[in-house]
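Presented below is the structure to which this report refers.
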Protein chains: 2
Amino acid sequence: MTTRALGSAEETELGRAERDIRARLGDRPFDFRSMAAISNIYRAATTVRNHMEQQVLAVHGLSWSAFTVMWVLWIWGEQETGRVAAETGTTKGTLTGVLKTLESRRLVLRSAHPDDGRRVLVRLSPRGQAVIEELFPRFNAEETFAASALTAAEADQLAHLLRLVSARVDSARGEAAPRGAQRDGPTLTARRSGRTFGSQRPPGRGTGRGS
Amino acid sequence: MTTRALGSAEETELGRAERDIRARLGDRPFDFRSMAAISNIYRAATTVRNHMEQQVLAVHGLSWSAFTVMWVLWIWGEQETGRVAAETGTTKGTLTGVLKTLESRRLVLRSAHPDDGRRVLVRLSPRGQAVIEELFPRFNAEETFAASALTAAEADQLAHLLRLVSARVDSARGEAAPRGAQRDGPTLTARRSGRTFGSQRPPGRGTGRGS
DNA sequence: TCCCGGTCGTTCGGCCGCGAACGGTATCCC
DNA sequence: GGGATACCGTTCGCGGCCGAACGACCGGGA
């Protein structure tokens, strides 16, 4: 309640849209509260991604995905492509394409795994290293800007609530139809979503003292 | 703080990832709080979208975007394509493609605007109407599930915080480089993002008693 | 040794997504 | 009225994105 931010018509505008929706659906027992919470996630995500691509990434012609891959390689160093895919939240097939793009621009390098012929290792090139080190401070500055309508406590709260949603949805992987069922299906390629704070940890890094 | 939900290792896992990031970047003055808040938005959005497409939309082979378009037409009725584009948060070019897909499946109908030869009107076909009415309750049920780790107050708070972020980023449209500058650039196609609660209102609907 | 199931990265087809460019249309202003 | 201007939806090129299919490769077992 502290930061209302911007003298915009935000609340009234949104109220109008919601009123239209209720006028159309109000006689049916839908969960408008969850609808607002969930739908706004996608809305904010698209807004932020477009902003970053236009304001920060455009100077190097990078997409959000390409940047994310470079970020992962920057933080955790050389990785197997499968791990990068999981960490960036895409499928292996998608990652192949992104890597092809990055490789064509000489930003990353692929190399064969020494012990396993199936695996492929990826790492930043010196050029890629320079690009991410130039880009990330600007990227982070825009993150600060995007969160600047929030108090510190609100930013923490936002991250926390989003993690709860992600964890909840992740917990339902591999199910079929009904909501009540317990999860059992193990067969599904590991999938993560988005940059940073994925739940995969890098290999050979601190074991984090178990549970 | 009330709902911790799932006996998962969520917090410790995320803590480990964040610790790795700080180990790599901690000596530099980055804004880790904003980083966590913003990056988790994208992560949650992807997770939710994939979940919806797999659990709800797959039975009709619809994408999130196609569903969103049908939703808009369902709630607000026949619309000009430009308005649908703004409401769904895509460009006009993208919408043309989505409409082509929907039209090929006989879910929407295009018609010429009576008074303006440039405009095109879109509406749900009877078949499309039936599909969205079957699909939306299931969709909303999954929204409820996705938000089920949150209390009612937390869900409201999440929506509120996300709206603040969206509004903040939207306010920066048309700028170039420096953060301090005031916005001036008017030339930019109206852009919204995501389903529901966009700030565009339908034409000819209640005027909402102005400001 | 030779299968054989499992795993890895790539390829493929289809769709979404963007900005830029294009043709058709309306509107403003003289 | 007639031309400049602005607007609308479509098209285009390129890249991201997914699931499925594929070929290469690993490991274990007889």
Side-chain angles (χ1 to χ4, degrees), chain A residues 42 45-47 49-54 57-58 60-69 79-86 88-105 110-122 186-194, chain B residues 42 45-47 49-54 57-58 60-69 79-86 88-105 110-122 186-194:
Chain A
Y42 193 77
T46 305
T47 302
R49 197 196 67 217
N50 286 340
H51 180 75
M52 293 301 186
E53 291 186 344
Q54 290 161 13
L57 273 29
H60 287 284
L62 290 174
S63 67
W64 174 282
S65 313
F67 175 81
T68 303
V69 168
Q79 300 280 317
E80 302 171 14
T81 67
R83 179 169 293 282
V84 176
T88 57
T90 67
T91 60
K92 302 176 296 173
T94 298
L95 187 76
T96 297
V98 175
L99 285 181
K100 191 162 56 178
T101 301
L102 285 172
E103 206 171 20
S104 74
R105 301 189 193 175
R110 263 187 263 228
S111 52
H113 191 289
D115 301 334
D116 190 333
R118 296 167 299 181
R119 292 174 158 82
V120 173
L121 297 174
V122 199
T187 332
L188 206 63
T189 306
R191 291 265 306 285
R192 202 74 334 90
S193 299
Chain B
Y42 193 77
T46 305
T47 302
R49 197 196 68 218
N50 286 340
H51 180 75
M52 293 302 185
E53 291 185 344
Q54 289 161 12
L57 273 28
H60 287 285
L62 290 175
S63 67
W64 174 283
S65 313
F67 176 81
T68 302
V69 168
Q79 299 280 318
E80 303 170 13
T81 66
R83 179 169 293 281
V84 176
T88 57
T90 67
T91 61
K92 302 175 298 172
T94 298
L95 188 75
T96 298
V98 175
L99 285 181
K100 191 162 57 177
T101 301
L102 286 172
E103 206 171 20
S104 74
R105 301 190 194 175
R110 262 187 262 227
S111 53
H113 191 289
D115 301 334
D116 190 334
R118 296 169 301 181
R119 291 175 158 83
V120 173
L121 297 174
V122 200
T187 333
L188 206 64
T189 307
R191 291 265 306 285
R192 202 72 333 93
S193 299

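Every chain is numbered from 1 and lettered A, B, ... according to where its sequence line falls, protein lines coming before strand lines.
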Between [atom2] on [N] and [atom1] on [X], what's the gap in Å once rounded to a whole number?
X: B:E103; N: C:dC16; atom1: CD; atom2: C1'; result: 17 Å
X: B:L62; N: C:dC16; atom1: CG; atom2: C1'; result: 13 Å
X: A:E53; N: C:dG17; atom1: CD; atom2: C1'; result: 9 Å
X: A:H113; N: D:dG27; atom1: NE2; atom2: C1'; result: 15 Å
X: A:L57; N: C:dC18; atom1: CG; atom2: P; result: 15 Å
X: B:M52; N: C:dC16; atom1: CE; atom2: P; result: 18 Å
X: B:L102; N: C:dG14; atom1: CG; atom2: C1'; result: 14 Å
X: A:R49; N: C:dG17; atom1: CZ; atom2: C1'; result: 7 Å

Could you walk me through whether A:V84 and A:L99 pass the side-chain contact (heavy atoms from CB on, under 4.5 Å) test, one step at a time? CA-CA 10 Å; A:V84 176; A:L99 285 181; 5.6 Å; no
Testing B:V120, B:T96, B:V69 one by one against B:T81 for a side chain to side chain contact (heavy atoms under 4.5 Å, CB included), which residue passes?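 When side chain to side chain contact (heavy atoms under 4.5 Å, CB included) is applied between B:T81 and each of B:V120, B:T96, B:V69, only B:V120 qualifies.
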Test your reading of the model: is there a side-chain donor-acceptor pair from [X] to the backbone of [Y], 3.5 Å cut-off?
X: A:H113; Y: A:D115; result: yes
X: A:R105; Y: A:G61; result: yes
X: A:E53; Y: A:W64; result: yes

Could I get a table of every N or O pair under 3.5 Å where one atom is in the protein and the other is in nucleotides 1-4 of chain C?
none

Given [N], is OP1 or OP2 found less than 4.0 Å from the side-chain N or O atoms of [X]?
X: B:Q54; N: D:dC18; answer: no
X: B:T90; N: C:dG17; answer: no
X: A:T91; N: D:dC17; answer: no

Would you mind reporting whether [Y] and [X] have side-chain heavy atoms less than 4.5 Å apart?
X: B:Q54; Y: B:N50; answer: yes
X: B:R83; Y: B:R119; answer: no
X: A:V122; Y: A:E103; answer: no
X: B:E80; Y: B:L121; answer: yes

Under 3.5 Å side-chain donor-acceptor pair for B:T94 and B:T91: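 Yes, B:T91 and B:T94 have a side-chain donor paired with an acceptor closer than 3.5 Å.
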When the C1' atoms of the five terminal pairs at each end define the local axes, what inter-axis angle does the helix from C:dT1-D:dA30 to C:dC30-D:dG1 show, to 10 degrees? 10°
When every nucleotide of nucleotides 7-14 of chain D is labelled 5' to 3' by its protein contacts under 4.0 Å (heavy atoms), B for base, S for sugar-phosphate only, - for none, what sequence of letters results? BSBBB---
A:V98 and A:T90: side-chain contact (heavy atoms from CB on, under 4.5 Å), yes or no, with the steps? CA-CA 10 Å; A:V98 175; A:T90 67; over 6 Å; no
Assert: residue with more 5' nearest nucleotide on DNA chain D, out of A:D115 and A:T101, is A:T101
Atom OH in A:Y42, atom OG1 in B:T88: separation rounded to 0.5 Å? 9.5 Å
